[in-house]
Amino acid sequence: MTAISALNITKYFKNYAALNNISFSAKSGEITGIVGPDGAGKTTLMRLLTGLMDFDKGELRVLNRKMPDKSSSFLEQIGYMPQKFGLYEDLSVIENLNLHASLQGVENAHARINKLLEFTKLRQFKTRRAANLSGGMKQKLALACAIIKKPKVLLLDEPSTGVDPISRQDLWEMVNSLLKNDIAVIWSTSYLNEAQMCDNVILLNDGNILYHGCPKELMDSLRGRVFKIEGSFFNKREALSSILECEEMLDAALVGSYIKVMIKDESTFPKEILKTIGKNVKVSKVEPSFEDAFLGILGVKTKAHSILANVMQQLPERENLITVHNLSKKFGNFSAVKNINFTVNSGEIFGLLGPNGAGKSTTFKMLCGLLTPTSGSIKVLDGSLKERHVRQNIGYMAQKFSLYGDLSLKDNLDFFARLYEVGDTQKKIDMMIDIFDFKKYLNMSANKLPLGIKQRLSLACALMHKSQVLFLDEPTSGVDIITRKEFWTHINNIAKKGVSVMITTHFMDEAEYCDKIMLVYKGKAIAVGTPDELKARVGADASMEDAFIHLVKMYDEEHKR
């Protein structure tokens, strides 16, 4: 049954068409994914479907009701999980559920809430305040609140952003189980492997639908254009840049020890490049992913070089630029981090992974000097984080934007340039404005900037000075694939300059770009190694996401005994 039908929908904001004459349909019993870059129109479309916003042209029907419909008889059939958690963070889990049940007039609320506590596995946390839940648990609670009245249409606006792979897997299992009740699910996402799991996808860009249909059909259209290059590279990041310099290439990315590439439409693979990048280098065709299909339909070529890295000096090679020994942190009687050890060399990218609440953010804050360890030691550039010369050589990009929201973009750049005592301040600011194309946002306050621009500004501020060590805490969370590709072009080229990079991420394909990975769980380092070494512990052809989930579950099994 068709639950949603849209015909020639247009929505303007002043003179800008956020949605431009789009038509689509969505069926009950299916998951329809909405995918697209920042500003594509995803959230606008979700708000039209809920009736929170009116459109300017066209016709939209939801459950055969002409929209917008604000009647209670219609709204009680719609479940909506907004992008910014629809929770009251000062209330407990059970209080949030009771409030939503009361507001929506749920009959036999006690029984329904008990069922949802079991469904979301939140029963043991029912008295915990929502503010104190992990990201994954918050999303499960928000989902429970959205489905408390058993809706016929469920609208999920980026429900898994910033959530670890295990929690994402749990969310998908929960939503898939709802389909047997013939619910129509609309799932907006920036995770392209999630779009691959939908029954149908709507690919939006600049308010237009570029594709509407089965994900597999779009992926199949790229057969013969995606390849794997493997062998003994002279330098894998130099090889990546050389490959991207080829006119025929649309995209290339590191995947552990090999490089995955996609050529442009109607191009042939330039085999002459293989002899220049290593020994015994060979190429073979591989199956396209939805990310490949997305990039293919957008047609945006990934850049080979970073202007930001080009203006940085080459640093000398050094071992153990970061040394961490028996690092521990307690909050009262709770051990958040327990005896963690690792080293990072110059020019290395070190990935810190772990489920929500595992202790990686606490570890990260200690490394940046924002938290004092309970015990253990951290040495950066052979010195303590308390030493001025050490702090002056560290760049830090926080998870929640290390920006001053009430200051303009230009004022933020000026503040950080002066904070780090950057010589020739105005020249450095002008350079950052040119590199990141900030010109049209200069006088806009940081709070009002689009997400992708906020992230670029945070990175620019972190690199205002001559950083030898760069800490990036989930730098690409919530941004679109084009912005993510841009970020990793900068990060890879910065590492080539000898900068040590430590990064946390929930994108498992980004973990593949790292030289080494440490998986943190329950405050402990449960696995350390290269991406290939961690995947090998699961089996042949395992993905990084498979390795993450397997290693965490294996640790739990071993410690039950």
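Along the sequence shown, the residues carry numbers beginning at 1.
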Exercise for the section: Count the heavy atoms of every other residue, nucleotide or ligand shown that sit under 6.0 Å from NZ of K379, and state whether that count exceeds 12. Expected result: no

Handout entry: Cationic N near anionic O, under 4.0 Å, D164 to K360
Key = no

Handout entry: Flag, side chain of Q468 to backbone of V499, donor-acceptor distance under 3.5 Å
Key = no

Handout entry: Charged tip of K516 within 45° of F350 ring normal and under 6.0 Å
Key = no

Practice task
Check whether NZ of the Lys or CZ of the Arg K439 lies under 6.0 Å from the centre of the six-membered ring of Y441 and within 45 degrees of that ring's axis.
Solution key: no

Exercise for the section: Could you verify whether a donor N or O on one side chain and an acceptor N or O on the other, from S257 and E230, lie under 3.5 Å apart? Expected result: no

Practice task
Would you tell me whether T505 and E510 have side-chain atoms, one donor and one acceptor, within less than 3.5 Å of each other?
Solution key: yes

Problem - Check: L204 and L210 side chains under 4.5 Å, non-hydrogen atoms - result: no

Problem - Greater than 12 external heavy atoms within 6.0 Å of E247's CD - result: no

Practice task
Could you verify whether a donor N or O on one side chain and an acceptor N or O on the other, from Q455 and T483, lie under 3.5 Å apart?
Solution key: no

Problem - Pair D56, T10: side-chain N/O donor-acceptor within cut-off below 3.5 Å - result: no

Practice task
Look up atom NZ in K338 and atom CG in N326, then write down how far apart they are to the nearest 0.5 Å.
Solution key: 14.5 Å

Exercise for the section: Please check if any side-chain donor atom of S408 sits under 3.5 Å from a side-chain acceptor atom of N443, or the reverse. Expected result: no

Problem - Donor on one side chain, acceptor on other, N341 and H325, under 3.5 Å - result: yes

Handout entry: E512 with K260: basic N within carboxylate O range, under 4.0 Å
Key = no

Exercise for the section: Would you sort out whether I517 and M544 count as a side-chain contact (heavy atoms from CB on, under 4.5 Å), showing the intermediate values? Expected result: CA-CA 11 Å; I517 293 168; M544 198 62 227; 3.9 Å; yes

Handout entry: Electrostatic pair K236:D515 at N-O distance under 4.0 angstrom
Key = yes

Exercise for the section: Check step by step if side-chain contact (heavy atoms from CB on, under 4.5 Å) holds for H305 and S241. Expected result: CA-CA 7 Å; H305 300 286; S241 296; 3.9 Å; yes

Exercise for the section: With the side chain counted from C-beta on, respond yes when K524 and I340 share a heavy-atom pair under 4.5 Å apart, and no when they do not. Expected result: no

Practice task
Return yes if a side-chain donor-acceptor contact under 3.5 Å exists between K329 and T363, otherwise no.
Solution key: no

Exercise for the section: Return yes when atom OH of Y12 has more than 12 non-hydrogen atoms of other residues, nucleotides or ligands closer than 6.0 Å, and no otherwise. Expected result: no

Problem - Straight-line distance of I435 CD1 to N310 CG, nearest 0.5 Å - result: 8.5 Å

Handout entry: Any donor-acceptor N or O pair under 3.5 Å, side chains T323, N320
Key = no

Exercise for the section: Tell me, yes or no, whether the heavy-atom count around K264 atom NZ, taken from other residues, nucleotides or ligands under 6.0 Å, exceeds 12. Expected result: yes

Handout entry: Cationic N near anionic O, under 4.0 Å, D414 to K410
Key = no

Handout entry: S445 versus D406, side-chain donor and acceptor atoms under 3.5 Å
Key = no

Exercise for the section: Mark yes when over 12 heavy atoms from residues, nucleotides or ligands other than R237 sit less than 6.0 Å from its CZ; otherwise mark no. Expected result: yes

Handout entry: Short N-O contact, K427 and D430, less than 4.0 angstrom
Key = no

Problem - Pairs involving residues 507-530, ordered by first then second residue, that meet ring pair (Phe, Tyr, Trp, His ring centres under 6.0 Å) (sequence neighbours left out) - result: Y191-F507, W488-Y513, Y521-Y555

Exercise for the section: Hey, can you tell me if F471 and F364 have their rings parallel, tilted or perpendicular (30° and 60° cut-offs)? Expected result: perpendicular

Exercise for the section: Answer yes or no: are there more than 12 heavy-atom neighbours, outside K301 itself, under 6.0 Å from its atom NZ? Expected result: yes

Handout entry: Distance-only side-chain donor-acceptor flag, E348 / S500, under 3.5 Å
Key = no

Practice task
Could you tell me whether F342 atom CZ has more than 12 heavy atoms of other residues or ligands within 6.0 Å of it?
Solution key: yes

Practice task
Take the angle between the ring planes of F438 and F436 and call it parallel below 30°, perpendicular above 60°, tilted in between.
Solution key: parallel

